[in-house]
Amino acid sequence: MPGNPKILIVEDNELNIKLFCAILKKDYELFVAKTAEEGIESARRVIPDLILMDIQLPGMDGVSATRIIKGDARLKSVPVIAVTSLAMVGDREKVMSAGFEEYMSKPIEIQTLKSIVATLLSLRPPNG
Ligand code: MN
C-alpha cells in the first residue's frame with residue numbers, strides 16, 4: 001500500500017510475481033519489473049527501500065543488474081535479496097560475494113520471505 005516501505009520486485013515469472021505481490025502487498029508499496037534493464041530503471045526512479053532480485057532473467061541477469069545498482073551512489077545502501085533457483089542452493093558464498101545482502105531459493109516460503117524482508121528493512125537507517 002502507498003505510504004508503506006517501497007519494495008521493487010525484479011522477476012520475469014508471472015506466477016512468482018503474483019506470489020510475491022500476494023504476500024507483500026498489505027505491508028509494502030510494490031513495484032514490479034520484468035527485466036534487469038527495467039529493474040535498474042525503476043530502482044533509479046523509485047529509490048526503493050528494498051529490492052527482490054531474481055537471478056535468472058531474460059537478457060541481463062540479476063547479478064549484473066545488482067552490480068549496476070550497487071554502483072549507483074543513490075542506491076548502493078538499498079538491500080538486495082537474491083532470489084535463486086534450486087540449482088544455486090548451497091552457493092550462498094558466491095551469491096553473497098556478488099553484493100547481495102541476503103538470498104532465498106525458490107520455491108518461496110511465505111514466512112521466510114516475510115521475515116527476511118522485515119529484518120533487512122529494520123536494519124536500514126530511517127530516511128532523512
Ligand atoms: Mn526468472
Side-chain angles (χ1 to χ4, degrees):
M1 282 166 45
N4 289 339
K6 295 174 183 174
I7 296 181
L8 171 62
I9 298 164
V10 187
E11 167 66 76
D12 62 317
N13 180 287
E14 286 291 346
L15 283 176
N16 281 323
I17 292 170
K18 280 189 182 148
L19 179 63
F20 283 135
C21 290
I23 296 169
L24 299 170
K25 70 179 176 191
K26 185 168 151 282
D27 298 315
Y28 305 102
E29 183 174 4
L30 303 180
F31 301 83
V32 176
K34 295 183 181 176
T35 66
E37 292 83 353
E38 222 185 286
I40 294 163
E41 194 275 323
S42 292
R44 288 179 170 150
R45 182 165 35 84
V46 170
I47 315 289
D49 296 289
L50 182 142
I51 299 171
L52 280 173
M53 180 69 74
D54 182 24
I55 297 299
Q56 290 178 295
L57 293 163
M60 188 193 299
D61 68 20
V63 173
S64 303
T66 298
R67 272 202 200 99
I68 292 170
I69 287 168
K70 291 293 183 181
D72 187 317
R74 295 178 310 152
L75 295 170
K76 66 181 180 200
S77 69
V78 177
V80 184
I81 303 172
V83 181
T84 70
S85 63
L86 278 175
M88 289 183 78
V89 168
D91 232 343
R92 184 186 173 86
E93 294 295 311
K94 191 175 158 192
V95 172
M96 301 302 271
S97 70
F100 296 98
E101 272 70 19
E102 192 47 86
Y103 94 111
M104 52 190 308
S105 54
K106 298 175 186 178
I108 301 305
E109 287 171 17
I110 295 173
Q111 282 313 322
T112 305
L113 174 64
K114 283 185 174 176
S115 107
I116 289 176
V117 166
T119 301
L120 285 176
L121 285 173
S122 74
L123 297 173
R124 289 209 71 200
N127 289 326

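Heavy-atom basis, side chains included; hydrogens, waters and symmetry copies ignored. Counting convention: from 1, in listed order, for ligands and their atoms alike. All figures in this text were calculated on a predicted structure; none of them were measured in a lab.
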(Q) Within a 6.0 Å radius of atom CD on E109, are there more than 12 heavy atoms belonging to other residues, nucleotides or ligands? (A) no
Q) Crowded around I110 CD1? As in, over 12 foreign heavy atoms under 6.0 Å? A) no
Q) Which is the closest N/O/S atom of D54 when seen from the Mn ion (ligand 1)? A) OD2
Q) Shortest non-hydrogen contact from P79 to D49? A) CD-O, 3.3 Å
**Q.** Main-chain N/O of V78 paired to K70 side chain as donor or acceptor, under 3.5 Å
**A.** yes
Q) From the Mn ion (ligand 1) out to just under 2.8 Å, does an N/O/S atom of Q56 turn up? A) yes
Q.
Strictly under 2.8 Å, is the Mn ion (ligand 1) approached by any N, O or S atom of D12?
A. yes
